[in-house]
Enquirer: 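Sharing a structure here in structure tokens format.
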Amino acid sequence: MAKPSLPQGTRDFGPDTVRKRNYIFNTIRSVFELYGFEPLETPAMENLDTLMGKYGEEGDKLIFKIINNGLDNIDKEKQAREDFEKVLQGKNVKGITERALKYDLTIPFARYVAMNHGQLTFPFKRYQIQPVWRADRPQKGRYREFYQCDADVVGSNSLLNEIEIILMIDQVYSNLSKHFGENENNRINISINNRKIWTGIAELCGCRDKIVEITVALDKYDKIGIDGVKEELIQKGFNEEQTHTIFSCLFPDTSFYTTYDDDYLNELGLTKDEKNLAVTLYGYNKDLYAIITCLLWNFKEHKIEIGTSGVKEIMKIIFPFCMDNYLLQSSFINLDSTLARGLNYYTGTIIEVKPPPAVKIGSIGGGGRYDDLTGLFGVPNIPGVGISFGVDRIYDVMEELKFFPGEVHTGTQVLFFNLGETESKAAFTIMQQLRNSNIRCELYHETVKFDKQFKYAEKKNIPYTLIIGSKEIAEKTCVVKDIRNGEQQTIPVSKLADFAFI
RNA sequence: GUGGUUAUAGCUCAGUUGGUUAGAGCAUCAGAUUGUGGUUCUGAGGGUCGCCGGUUCGAACCCGGUUAGCCACCCCA
């Protein structure tokens with residue numbers, strides 16, 4: 001018999017872990033509900049062509065494909081062999097595989113909306129908490145099976161949705177632990193950017209078709225720095241002038257742009273309202289103001305409207321958070337001009353959530369706006385915006401920072417000692433009464449010496465033991481011991497229901 | 001998909017240039033202790049040294065392969 005083992009990148013979760021994970025799930029779910037989102041579940045598997053081509057070239061490779069049943073049917077042997085030849089050449093063939101495990105929750109959701117758009121009331125706000133699978137090689141913070149918690153709004157272009165999503169992110173972390181936001185170092189970082197800005201920059205460089213190359217390179221800025229990015233761009237075939245254009249947009253000479261100048265704002269062609277936005281941003285964060293005005297200037301100069309509208313969207317989203325510093329409790333929001341995000345279906349706002357800087361783990365959530373996801377399934381013109389929480393990583397972050405509250409443990413509260421047949425019968429009756437008043441209890445399964453029963457309680461983190469022997473039966477009392485401090489007291493059975501087993 | 005690294009008792013790990021019967025701590029079980037555990041003491045059980053092959057008189061140790069974990073790259077939650 002071979003040693004039992006798990007498939008690569010998957011894990012079992014013991015009782016303690018499940019409780020903590022459920023705490024995260026429940027917290028996120030209740031915030032989703034609070035903001036008016038409704039639950040949805042979709043199957044673990046989808047038709048392969050529902051998923052293929054939606055996540056970029058790399059993404060396709062990471063989709064877990066399911067081999068068809070019945071390939072051993074002798075009548076179809078010839079066909080199966082021919083099909084398998086094609087698989088060996090790297091093709092997907094219906095004869096061999098036509099289903100796959102879902103890779104994320106967004107595409108199956110788009111498929112659902114496309115199939116049911118006639119019945120849905122728009123804007124449709126749904127949340128979904130389910131596992132997804134990726135055939136990736138596991139490493140720190142990366143698993144082959146993990147849970148996502150998604151909330152999306154489809155059928156609305158309003159930027160109010162983006163603002164609500166940011167508020168939800170903040171509220172989830174506030175509810176998860178009071179320590180998030182306790183001080184500056186513990187805050188969650190919500191970065192936003194806009195794909196339209198990338199499109200604009202690509203146009204500035206005169207290569208709109210190379211937007212993916214630009215975003216992939218700039219997305220690594222945090223990791224490889226400005227020189228590394230430059231090197232990668234040049235490797236991808238960008239010339240000196242183009243890289244200069246990109247950098248001058250994203251990393252402006254702040255000393256120039258941080259001076260507030262009314263005439264300059266007028267030159268940018270902003271409306272009165274937009275100018276007010278800019279003034280507020282200036283008061284809130286000079287660097288933010290610098291990047292925004294720099295981008296606006298560049299796009300204005302070259303009449304690239306898509307870029308301009310991207311910047312204006314960012315301004316409108318950040319604005320409420322500049323007006324009220326207390327809107328965000330556990331996080332802060334900033335414009336990260338290098339933020340790109342790999343998924344290619346995003347078209348507007350993009351959002352990425354990062355843990356406090358002390359934790360070296362990638363993003364713990366992300367999302368963005370997509371104009372036409374359902375168009376992929378034949379139903380055009382349903383725009384949407386959504387966010388995804390990565391529970392497995394949030395767990396790792398909470399664990400590393402020791403942020404799980406003590407109340408997460410919801411195991412047995414009272415262990416009834418087993419002192420013999422008559423005694424345990426009496427104990428059993430009392431135990432059922434306690435259970436009826438919602439106290440979690442159990443009776444030790446056999447009559448053994450106290451030593452063992454105590455150790456059992458200690459290991460299972462059961463705070464109270466309850467001892468009923470012949471003496472207690474006669475007196476209609478019981479002995480309640482708090483094993484955390486060793487204190488014990490004798491109380492009448494009639495008063496037991498009033499005892500606070502906390 | 002590419003590269004690095006690790007694999008020895010239930011857990012954490014020692015293990016000399018290759019040399020007789022592979023060790024420690026923790027955990028488990030039994031006893032000191034028949035209604036009060038956590039400390040202490042005594043004793044016991046527990047191993048195909050990841051798996052397969054090679055070199056050698058002899059391999060936990062050297063070599064090749066393989067599987068899995070971890071880490072990094074690509075990419076991503």
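Computed from a predicted structure; not experimentally measured.
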Enquirer: Can you name the closest pair of heavy atoms from A:Met168 and A:Ala151 and give their distance?
Expert: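 Of all heavy-atom pairs spanning A:Met168 and A:Ala151, the closest is CE-CB, 3.9 Å.
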
Enquirer: Return the value, rounded to whole Å, for the distance between atom CZ of A:Arg144 and atom C1' of B:G1.
Expert: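 One finds 11 Å between C1' of B:G1 and CZ of A:Arg144, rounded.
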
Enquirer: Measure from CD on A:Gln128 to C1' on B:A77 and round the result to the nearest Å.
Expert: 15 Å

Enquirer: I need the CD-P distance between A:Glu213 and B:C74, as an integer number of Å.
Expert: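 Atom-to-atom, A:Glu213 to B:C74, this comes out as 15 Å.
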
Enquirer: What stems show up for RNA chain B when you take Watson-Crick pairs (N1-N3 plus N6-O4 or O6-N4) and G-U wobbles (N1-O2, O6-N3), both under 3.5 Å, and require three or more consecutive pairs?
Expert: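 Stems found: B:1-7 with B:67-73, B:10-13 with B:23-26, B:28-32 with B:40-44, B:50-54 with B:62-66.
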
Enquirer: Whole angstrom is fine here: how far is it from NZ in A:Lys61 over to P in B:U2?
Expert: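 Going from A:Lys61 (NZ) to B:U2 (P), I get 11 Å.
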
Enquirer: Look at the rings of A:Phe180 and A:Phe403 and say which category their plane angle falls in: under 30° parallel, 30 to 60° tilted, over 60° perpendicular.
Expert: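 Taking A:Phe403 first and then A:Phe180, their aromatic rings stand perpendicular (interplane angle over 60°).
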
Enquirer: When rounded to the nearest Å, what value does the distance between P atoms of B:U6 and B:G15 take?
Expert: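 After rounding to an integer number of Å, I get 13 Å for this pair.
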
Enquirer: For the residue pair A:Ile468 and A:Ile473, what are the closest heavy atoms and their distance?
Expert: CG2-CG1, 3.7 Å

Enquirer: Rounding to an integer number of angstrom, what distance separates B:G23 and B:G45 when you compare their P atoms?
Expert: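 Straight-line distance between the two P atoms is 13 Å.
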
Enquirer: Looking at B:A77, I'd like to know if its phosphate oxygens (OP1 or OP2) sit under 4.0 Å from a side-chain N or O belonging to A:Lys354.
Expert: no

Enquirer: What's the CG-P distance between A:Leu62 and B:C73, to the nearest Å?
Expert: 16 Å

Enquirer: Rounding to an integer number of angstrom, what distance separates B:U36 and B:C41 when you compare their P atoms?
Expert: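 Roughly 22 Å separates the two P atoms.
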
Enquirer: Using the P atoms only, state how far B:C61 lies from B:U17, rounded to an integer number of Å.
Expert: 15 Å

Enquirer: With a cut-off of 6.0 Å (strictly less than), are more than 12 heavy atoms of other residues, nucleotides or ligands near NZ of A:Lys236?
Expert: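 Yes.
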
Enquirer: Measure across A:Asp150 and A:Ser388 and return the closest heavy-atom pair with its distance rounded to 0.1 Å.
Expert: OD1-OG, 2.7 Å

Enquirer: From CZ of A:Arg142 over to P of B:A77, roughly how many Å is that when rounded to an integer?
Expert: 10 Å

Enquirer: Angle class for the A:Tyr345/A:Tyr55 ring planes (parallel below 30°, perpendicular above 60°, tilted otherwise)?
Expert: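 If you compare the ring of A:Tyr345 with that of A:Tyr55, the planes turn out perpendicular.
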
Enquirer: Does NZ or CZ of A:Lys481 fall inside the cone over A:Tyr464's six-membered ring, less than 6.0 Å from its centre and within 45° of the axis?
Expert: no

Enquirer: For nucleotides B:U8 and B:C13, find the distance between their P atoms and express it as a whole number of Å.
Expert: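 Rounded to whole Å, the distance is 9 Å.
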
Enquirer: Quick test of your reading of the model: are A:Glu442 and A:Lys460 salt-bridged, counting only N-O distances below 4.0 Å?
Expert: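 So A:Glu442 pairs with A:Lys460 through a salt bridge.
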
Enquirer: Given B:U28, is OP1 or OP2 found less than 4.0 Å from the side-chain N or O atoms of A:Lys459?
Expert: yes

Enquirer: Just the rounded figure in Å: distance from P of B:A77 to CZ of A:Phe389.
Expert: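 It is 14 Å, rounded to the nearest whole Å.
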
Enquirer: For A:Val216, which contact category applies under a 4.0 Å heavy-atom criterion: base, sugar-phosphate, or nothing?
Expert: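 Result for A:Val216 = sugar-phosphate.
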
Enquirer: Across the strands shown, which category fits A:Ser363 at heavy-atom distances under 4.0 angstrom: base, sugar-phosphate, nothing?
Expert: sugar-phosphate

Enquirer: When the distance from CD1 of A:Ile394 to P of B:A77 is rounded to whole Å, what number comes out?
Expert: 13 Å

Enquirer: Would A:Arg126 count as a cation-pi partner of A:Phe109, with NZ or CZ less than 6.0 Å from the six-membered ring centre and within 45° of the ring normal?
Expert: yes

Enquirer: So, for A:Pro138 and A:Gln8, which heavy atoms are closest and what is the spacing to 0.1 Å?
Expert: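 Looks like CG-CG, 3.8 Å.
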
Enquirer: I want to check a possible cation-pi pair here: A:Arg134 against A:Phe64, using under 6.0 Å from ring centre and within 45° of the ring axis as the test.
Expert: no

Enquirer: For a quick check, with a 4.0 angstrom heavy-atom cut-off, what is the B/S/- contact string for nucleotides 34-39 of chain B, read 5' to 3'?
Expert: -BBBB-

Enquirer: Indicate, with yes or no, if the rings of A:Phe417 and A:Phe454 have centres closer together than 6.0 Å.
Expert: yes

Enquirer: Look for any protein N or O under 3.5 Å of an N or O in nucleotides 69-72 of chain B and output each such pair with its distance, or none.
Expert:
from  : atom 1 : to       : atom 2 : distance (Å)
B:G69 : OP1    : A:Gly9   : N      : 3.1
B:G69 : OP2    : A:Gln8   : NE2    : 3.0
B:C71 : OP2    : A:Lys140 : N      : 2.5
B:A72 : OP2    : A:Gln139 : OE1    : 3.1

Enquirer: Determine, for A:Tyr127 and A:Arg29, whether the Lys NZ or Arg CZ falls below 6.0 Å from the six-membered ring centre while staying within 45 degrees of the axis.
Expert: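 No.
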
Enquirer: When rounded to the nearest Å, what value does the distance between P atoms of B:A7 and B:C49 take?
Expert: 14 Å

Enquirer: How far does the C1' atom of B:A60 sit from the matching atom of B:G47, given to the nearest Å?
Expert: 11 Å

Enquirer: Can you tell me how far C1' in B:G69 sits from the matching atom in B:U12, rounded to whole Å?
Expert: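 Taking atom C1' in both B:G69 and B:U12, they lie 16 Å apart.
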
